[in-house]
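Hydrogens, waters and symmetry mates play no part in the numbers below; they use all other heavy atoms, side chains included.
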Amino acid sequence: MTDLSLVIPCFNEEEVIPLFYEESQKVINELKTQKIIRDAEYIFVDDGSKDKTLEIVKSLSEKDSTVHYISFSRNFGKEAAMYAGLKAAKGSFVTIMDADLQDPPSLLPQMLDAIKNEGFDSVATRRSSRKGEPVLRSFFARRFYSLMNKICRTELVSGARDYRLMNRKVVNAILSMSEYNRFSKGLFGWVGFKTKWISFENVERAAGKTKWSFWKLFKYAVEGIVAFTEKPLIASAVAGVLSTFAAVAALLFIIVRRLVFGDPVQGWASTICIILFIGGLQMFFTGILGEYLAKTYLEVKKRPVFICRESDIEEIENPEGEKNGK
């Protein structure tokens, strides 16, 4: 069994892969020199890239036998890429890292020390600041973590990265949850285990552009909320009950006013506004219900989390159970 596995999800990262490999190799060689690890392996997961990402990884694989790759048939998303990488990893310790060097390889010695010598099962990282990130995105990111920690029993640490090192027990626990709709930040917290958090300053991409737009981040946030709390459904039920009581109270008020004071019913404009408001609430909460129903629909289909088009790892299987070779 390998000592350390590096899982690197990639989507159009041709510019940064050589830089990542060079920087991480320096750290790995140092770890070997100090006899902290004996060997290590790279598992690059090409998430349907349109550039030369796969070609570059293949080139590295030809030069270095510790470099392996998995290439998806299309873009399945980072969550699927991380899952595939964890399935393929053989290491006693497994780390998930971005190829853009925003996850500093220099932290690996400290992370390994925490697991080997301090009794932790995993070491997670978080950004101590969001320097260099758009202000609006930082604001909504903080609000998301604040909201999740209020409505969800699984703790999410603000600024948490996917960059973490895990021992084999934690990796196996994550792999035991083969759900289609994956939100790894929540899954890491849900499985528990003793985790140490390391903070570091935000690091800019070494090259290339981020693949995360505001809309993609918003959808990712919705995935997390739907996956780890049922509170929106409870909120919609409570709002429905309150709206019903308010409607009954308003109806009684109108009847009493008409019988006692003889006032005609007036206020066409306000009536229309109320109808539109209530109708909007109904549509909003129907949308919430639909989101949960859609996730259930996708789960019961039992579709694979990813489909492998090409890989040099024989253990990776396609939906029919056949091995994927080179």
Side-chain angles (χ1 to χ4, degrees), residues 5-18 20-21 41-62 67-89 94 96-100 102-103 162-163 174-175 177-187 205 207-224 226-227 291 293-326:
S5 295
L6 283 73
V7 174
I8 309 102
C10 302
F11 178 62
N12 295 339
E13 299 288 9
E14 63 178 2
E15 296 179 64
V16 294
I17 287 176
F20 171 83
Y21 178 75
E41 65 173 357
Y42 293 88
I43 300 174
F44 289 92
V45 185
D46 172 34
D47 187 20
S49 298
K50 303 298 182 183
D51 62 3
K52 295 181 179 180
T53 293
L54 183 58
E55 294 177 31
I56 293 172
V57 173
K58 280 185 174 182
S59 177
L60 289 174
S61 178
E62 291 171 0
V67 175
H68 304 285
Y69 62 88
I70 301 168
S71 181
F72 288 171
S73 60
R74 64 169 176 83
N75 178 244
F76 282 88
K78 186 179 179 182
E79 292 290 337
M82 289 192 291
Y83 178 67
L86 291 177
K87 284 190 71 174
V94 182
I96 300 173
M97 306 177 69
D98 285 349
D100 56 16
Q102 286 191 295
D103 298 333
D162 291 319
Y163 182 25
I174 295 295
L175 291 176
M177 295 179 289
S178 57
E179 55 204 64
Y180 182 81
N181 301 286
R182 304 187 68 80
F183 182 69
S184 290
K185 285 184 173 64
L187 294 177
R205 286 181 61 92
K209 296 181 180 179
T210 180
K211 312 306 182 297
W212 289 96
S213 64
F214 183 84
W215 175 243
K216 285 183 178 179
L217 288 171
F218 175 76
K219 291 197 295 183
Y220 186 62
V222 172
E223 290 276 354
V226 173
E291 188 67 24
L293 183 61
K295 299 305 178 188
T296 305
Y297 175 64
L298 291 173
E299 289 290 345
V300 299
K301 281 186 172 183
K302 298 296 182 183
R303 287 179 178 173
V305 177
F306 65 90
I307 296 176
C308 178
R309 182 177 67 86
E310 183 179 357
S311 176
D312 68 339
I313 304 172
E314 293 184 357
E315 287 77 8
I316 295 297
E317 298 182 351
N318 65 22
E320 286 75 34
E322 299 174 353
K323 304 293 183 181
N324 289 286
K326 293 185 179 179

Exercise for the section: Output, in order, the C-alpha distance, side-chain angles, deciding distance and verdict of side-chain contact (heavy atoms from CB on, under 4.5 Å) for Arg309 and Leu54. Expected result: CA-CA 12 Å; Arg309 182 177 67 86; Leu54 183 58; 3.5 Å; yes
Exercise for the section: Report yes if some heavy atom in the side chain of Tyr42 is under 4.5 Å from a heavy atom in the side chain of Leu60; otherwise report no. Expected result: no
Handout entry: Tyr69: which of Ile313, Asp312, Thr53 passes side-chain contact (heavy atoms from CB on, under 4.5 Å)
Key = Asp312
Exercise for the section: Verify side-chain contact (heavy atoms from CB on, under 4.5 Å) between Ile56 and Tyr21, making sure each step is shown before the conclusion. Expected result: CA-CA 11 Å; Ile56 293 172; Tyr21 178 75; over 6 Å; no
Problem - Member of Phe11, Phe44, Phe306 meeting the ring-ring contact (aromatic ring centres under 6.0 Å, His included) criterion with Phe72 - result: Phe306
Handout entry: Main-chain N/O of Asp103 paired to Asp98 side chain as donor or acceptor, under 3.5 Å
Key = no
Exercise for the section: Find the distance between SG (Cys10) and CD1 (Ile43) and round it off to the nearest 0.5 Å. Expected result: 12.0 Å
Problem - Summary of salt bridge (Lys or Arg N to Asp or Glu O under 4.0 Å) pairs that have at least one residue in residues 42-53, sequence neighbours excluded - result: none
Handout entry: Sub-4.5 Å side-chain heavy-atom contact between Lys78 and Asp162
Key = yes
Fill in the blank from the handout: Applying side-chain contact (heavy atoms from CB on, under 4.5 Å) to Ser59 and not counting sequence neighbours gives Lys63
Problem - Closest approach of Val7 to Ala89 (non-hydrogen atoms, all atoms of both residues) - result: CG2-CB, 4.3 Å
Exercise for the section: State, yes or no, whether a side-chain contact exists between Ile8 and Ile17 at a heavy-atom distance under 4.5 Å. Expected result: no
Completion exercise
With sequence neighbours left out, the residues meeting side-chain contact (heavy atoms from CB on, under 4.5 Å) with Val305 are Ala80, Tyr83, Arg182
Problem - Heavy-atom pair with the smallest gap, counting every atom of Ala88 and Ile70 - result: CB-CD1, 3.8 Å
Handout entry: By ring-ring contact (aromatic ring centres under 6.0 Å, His included) - contacts of Tyr163 (at least two apart)
Key = none
Completion exercise
CG of Leu187 to CE of Met82, rounded to nearest 0.5 Å, is 8.5 Å
